[in-house]
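All residue numbers refer to positions in the sequence shown, counting from 1. On a predicted model such as this, the values are computed, not experimentally measured, just so you know.
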Amino acid sequence: MVYSTPNVSLTTRKPKDLKTGNCPPERASNFKMALSNEQIKELIKAPKNGLKLQKAIQHELRLSFHSTIVDKKEDANTYYSEFMQWAKSVIAAKDKNAQFEKLLTFPIATNDLIDEISDEYIKVFDAQNSLIDYAFSDAKYKELFDDYLQRKNDEHFWKRDVFGAILSAINSIVVVDLPKEQTTDYPEPYYYLLPIDQVIDLEYDLVNKRMNYVIFHSDDKIAAFDDHYYRVFSKDDKGNPILEVEEPHDLSYCPANYMWRDNIDTNNPYNKQSPLSSQLSRLDWYLFCSTTKKSLDLYAAYPIYWAYESKCSYKNEQGAECDGGFTHLVDDDDTSRPVPCPSCEAKKLVGPGSLISIPIPNNPNKPDLREPVGVVGVDVDSLKYNVDELDRLENFIKQKSTGKIDSKLLNKEAMNEDQIRSQFESQTNILRYIASNLDIIRSWTMDTVGKLMFGDIYISSSVNHGTEFYLQSLDEVTKEYQSAKNSGLPLYIIASKRKMIAELQAKNNPSEREAMEIMRYLEPYPDLTIGECKANGVTEADPIGFAIKLGFSGLIDRFELEHGSIVEFGSLLPLKIKIARINEKLKEYVKDKTTPTGTPGGEGGNNS
């Protein structure tokens with residue numbers, strides 16, 4: 001996963017004053033002493049927490065090595081060298097080391113594994129009960145704020161940049177900055193991810209859980225943000241920092257914060273614990289095993305042949321005899337050079353593989369009854385072990401990282417209700433863990449942006465990525481629904497599966513979700529096909545209901561042509577009354593012999 005970072009503004013300006021935009025006395029009392037310019041210059045030369053930041057960078061390099069796709073080793077980060085050094089210490093033989101390095105090709109095997117884990121983590125943004133809202137002392141500012149977030153492509157930032165960093169750059173910092181020029185009535189801050197390897201120094205307050213300051217590189221400039229100021233330094237000819245911009249802000253805290261909350265060491269807030277951090281050693285081992293398996297695959301695919309040695313009688317045009325597969329030619333300057341024996345070359349394997357020559361037995365008392373040529377067979381058990389062990393390791397990493405058991409294992413072993421519930425709980429707990437970290441940084445970011453834009457007109461944010469996630473795919477739930485019907489499970493279970501299908505179908509489209517919810521109340525006998533309705537006597541017992549069922553799609557189309565969207569129709573009415581009125585119209589249609597097809601139900605009948 002890769003994300004981009006905009007350059008910090010080289011100059012910033014203070015937001016236009018709002019009537020309520022100045023820092024109130026109670027907030028001012030929380031101010032800490034700002035760093036002086038001389039202190040910043042000293043921290044640039046001798047960072048206070050440089051060693052801790054270096055450890056954080058090393059941790060990220062290892063995460064990124066396994067999660068970021070590159071297509072050649074020259075583009076891999078520096079952890080590649082560390083991994084190869086470890087692998088070579090495990091494989092003692094030099095020739096095996098060389099082969100291992102050749103077989104470790106890019107993109108590496110763990111990239112696929114992380115991609116599958118990523119597909120599970122991204123479900124954190126699709127919770128059924130997520131809520132993101134903002135409060136203002138004057139409601140008209142909420143519309144301005146919503147418009148700002150849409151123009152800034154806020155959702156894209158969280159779902160691409162921040163989500164990608166969870167997998168590969170967990171120590172990233174969210175920075176909220178102000179543009180060089182203010183062209184609108186209210187300031188429009190922008191926010192971005194700052195990679196930890198661009199940070200020169202920072203100080204984090206463990207008690208108040210916030211940064212006191214951050215100093216970082218931005219192209220050929222150095223930015224320093226703290227509780228009071230945005231500052232930017234350029235460099236003189238000798239590389240010494242020179243203050244270029246110093247602009248105050250009214251936040252009372254540093255406009256930068258760690259993207260992630262949880263630390264590997266509770267006493268060290270500089271190195272964060274990614275959901276993948278605990279699996280790093282297993283990812284190393286998985287990559288090692290998948291690479292060594294390639295060597296065994298080559299051995300199985302290209303067999304080793306053996307044959308008895310035979311003396312070659314070939315002589316070249318100069319009379320030199322074959323010696324170990326070579327003859328010698330003497331050039332005009334009397335230098336001798338080896339040349340492959342054409343007779344021996346003709347006897348080599350016509351296909352892939354290796355040929356080993358063995359001495360002919362010469363013990364007259366122990367005759368050798370073997371065939372003159374043979375094949376050294378591969379150990380099938382070793383091949384099977386390597387395949388099974390790699391699968392086991394892959395499934396273990398995925399299960400520990402996501403809580404989800406591989407579908408291939410589910411097909412082999414029937415799971416009881418408690419086991420299924422336990423799996424869903426594990427998946428949910430991991431997604432809730434990710435969501436809780438996102439809640440904190442997204443709320444902090446929106447609060448910081450809101451305060452910089454509107455001062456005290458902005459009150460607070462409510463950010464909750466939810467607790468109820470769509471853990472199954474549409475295909476999986478559809479199969480479960482059909483299985484529930486075929487098994488004769490209670491109707492309330494079948495109905496719950498049907499409702500889940502509708503939610504998955506429309507999970508990213510609120511309007512479609514509302515329309516499907518309304519149609520759920522309108523369609524008669526939703527869990528019966530047309531054929532099942534006929535077989536169960538619905539045509540005689542409820543001919544009107546059957547006619548609506550038969551032509552449901554066409555009837556809804558006709559209603560919307562005449563009355564507008566079923567979502568907007570009667571939007572101010574209680575749902576019960578709204579459904580009753582639509583139902584009355586549908587009944588009128590099936591009784592009306594002048595429907596488009598001239599038969600009850602009209603167009604769009606479903607004959608399945």
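Considering CD1 of Ile44 and CD1 of Ile215, their distance stands at 5.5 Å, rounded to 0.5 Å. Between atom OH of residue Tyr134 and atom CD1 of residue Ile459 there is a gap of 15.0 Å, rounded to the nearest 0.5 Å. The distance from the OG atom of Ser252 to the NE2 atom of His228 is 8.5 Å, given to the nearest 0.5 Å. Expressed to the nearest 0.5 Å, how far OG1 of Thr292 lies from CG of Leu104 amounts to 11.0 Å. Separating the CG atom in Leu438 from the NE2 atom in His465 is a distance of 5.0 Å, to the nearest 0.5 Å. From Arg392, atom CZ reaches atom CD1 of Ile397 across 9.0 Å, with rounding to the nearest 0.5 Å.
The shortest side-chain heavy-atom distance between Ile173 and Asn257 does not fall under the 4.5 Å cut-off. When side chains are defined from C-beta on, Gln58 does not count as touching Asn271, because their heavy atoms never get closer than 4.5 Å. When side chains are defined from C-beta on, Asp177 counts as touching Tyr192, because their heavy atoms get closer than 4.5 Å. Taking the side chain as every heavy atom from C-beta outward, Ile57 and Val199 never approach each other to under 4.5 Å. No side-chain heavy atom of Leu243 sits less than 4.5 Å from a side-chain heavy atom of Ile40. In this structure, Ile441 and Tyr258 have side chains that are not in contact, with every pair of non-hydrogen atoms separated by 4.5 Å or more. At a threshold of 4.5 Å between non-hydrogen side-chain atoms, the residues Pro107 and Ile69 count as touching. A 4.5 Å side-chain heavy-atom check between Met259 and Ile170 finds at least one atom pair inside the cut-off.
By the side-chain hydrogen bond (donor to acceptor under 3.5 Å, both in side chains) test, Asp154 pairs with Trp158, Tyr191, Arg442, sequence neighbours left out. Applying the side-chain hydrogen bond (donor to acceptor under 3.5 Å, both in side chains) criterion to Tyr270, with sequence neighbours excluded, gives Asn49. Qualifying ring pair (Phe, Tyr, Trp, His ring centres under 6.0 Å) partners for Tyr458, counting only residues two or more places apart in sequence or in other chains: Phe136, Phe145. When the salt bridge (charged side-chain N to carboxylate O under 4.0 Å, His left out) test is applied to Lys48, the partners found at least two apart in sequence or on another chain are Glu203. Listed by chain and residue number, Lys41 satisfy the salt bridge (charged side-chain N to carboxylate O under 4.0 Å, His left out) test with Glu38 (two or more places apart in sequence, or in another chain). Under the side-chain hydrogen bond (donor to acceptor under 3.5 Å, both in side chains) criterion, Asp146 pairs with Lys142, sequence neighbours left out. A search for ring pair (Phe, Tyr, Trp, His ring centres under 6.0 Å) contacts involving Phe288 returns Trp86, Phe100, Trp285, not counting sequence neighbours. By the side-chain hydrogen bond (donor to acceptor under 3.5 Å, both in side chains) test, Lys45 pairs with no residue at all, sequence neighbours left out. With sequence neighbours excluded, the residues satisfying salt bridge (charged side-chain N to carboxylate O under 4.0 Å, His left out) with Lys398 are Glu116, Glu394, Asp406. With sequence neighbours excluded, the residues satisfying side chain to side chain contact (heavy atoms under 4.5 Å, CB included) with Thr105 are Lys294.
Looking only at distances, no side-chain donor or acceptor of Asp201 sits under 3.5 Å from a matching main-chain atom of Leu43. Between the side chain of Ser67 and the backbone N or O of Leu63 there is at least one donor-acceptor pair closer than 3.5 Å. In this structure a side-chain-to-backbone donor-acceptor pair under 3.5 Å is present from Asn111 to His66. At least one donor-acceptor pair under 3.5 Å links the side chain of Ser274 to the backbone N or O of Ile166. A donor-acceptor contact shorter than 3.5 Å is absent between the side chain of Asp75 and the backbone of Val70. Under the 3.5 Å distance criterion, the side-chain polar atoms of Ser36 are matched with a main-chain donor or acceptor of Gln39. Under the 3.5 Å distance criterion, the side-chain polar atoms of Asp265 are matched with a main-chain donor or acceptor of Asn267. Put simply, the side chain of Asn437 never gets that close to the backbone of Trp260: no donor and acceptor are under 3.5 Å apart. Of the possible donor and acceptor atoms, one in the side chain of Thr402 sits under 3.5 Å from a partner among the backbone N and O of Lys404. Between the His156 side chain and the Asp161 main chain, no donor and acceptor come within less than 3.5 Å of each other.
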Steps toward salt bridge (charged side-chain N to carboxylate O under 4.0 Å, His left out) verdict (Lys293, Glu389): CA-CA 10 Å; Lys293 178 182 173 296; Glu389 176 60 14; over 6 Å; no
Could you walk me through whether Leu276 and Ser401 pass side-chain contact (heavy atoms from CB on, under 4.5 Å), step by step? CA-CA 7 Å; Leu276 296 175; Ser401 301; 3.9 Å; yes
Criterion side-chain contact (heavy atoms from CB on, under 4.5 Å) on Arg432 and Asn429, from CA distance to verdict: CA-CA 5 Å; Arg432 286 177 179 174; Asn429 288 338; 4.3 Å; yes
One pair to check against salt bridge (charged side-chain N to carboxylate O under 4.0 Å, His left out): Lys479 and Asp475. What are the steps and the verdict? CA-CA 6 Å; Lys479 289 179 179 177; Asp475 182 60; 3.4 Å; yes
Checking side-chain hydrogen bond (donor to acceptor under 3.5 Å, both in side chains) for the pair Tyr253/Thr448: CA distance, chi angles, key distance, verdict? CA-CA 9 Å; Tyr253 58 87; Thr448 303; 2.8 Å; yes
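The cationic atom of Lys272 (NZ for Lys, CZ for Arg) lies less than 6.0 Å from the six-membered ring centre of Tyr204 and within 45° of the ring axis.
Between Tyr141 and Tyr186, the distance separating the two ring centers is shorter than 6.0 angstrom.
Counting non-hydrogen atoms of other residues, nucleotides and ligands closer than 6.0 Å to OH of Tyr385 gives a total of 12 or fewer. No more than 12 heavy atoms of other residues, nucleotides or ligands sit less than 6.0 Å from atom CG of Leu51. Heavy-atom contacts from other residues, nucleotides or ligands closer than 6.0 Å to CD of Gln85 number 12 or fewer.
For the residue pair Asp133/Ser462, the side-chain donor-acceptor check at 3.5 Å is not satisfied. Defined by atom type and a distance below 3.5 Å, a donor-acceptor pair is present between the side-chain atoms of Asn208 and Asp205.
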Check: residues 76-84 side-chain donor-acceptor pairs under 3.5 Å, at least two apart:
unit_1	atom_1	unit_2	atom_2	d
Asn77	OD1	Tyr79	N	2.8
Asn77	ND2	Leu61	O	2.9
Tyr79	OH	Arg62	NE	3.2
Tyr79	OH	Asp284	OD1	3.3
Tyr79	OH	Asp284	OD2	2.6

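Taking each heavy atom of Ala169 and Glu60 in turn, the nearest pair found is C-OE2, 3.1 Å.
A salt bridge (Lys or Arg N to Asp or Glu O under 4.0 Å) check over residues 187-197, counting only residues at least two apart or in different chains, returns the pairs Arg151-Glu188.
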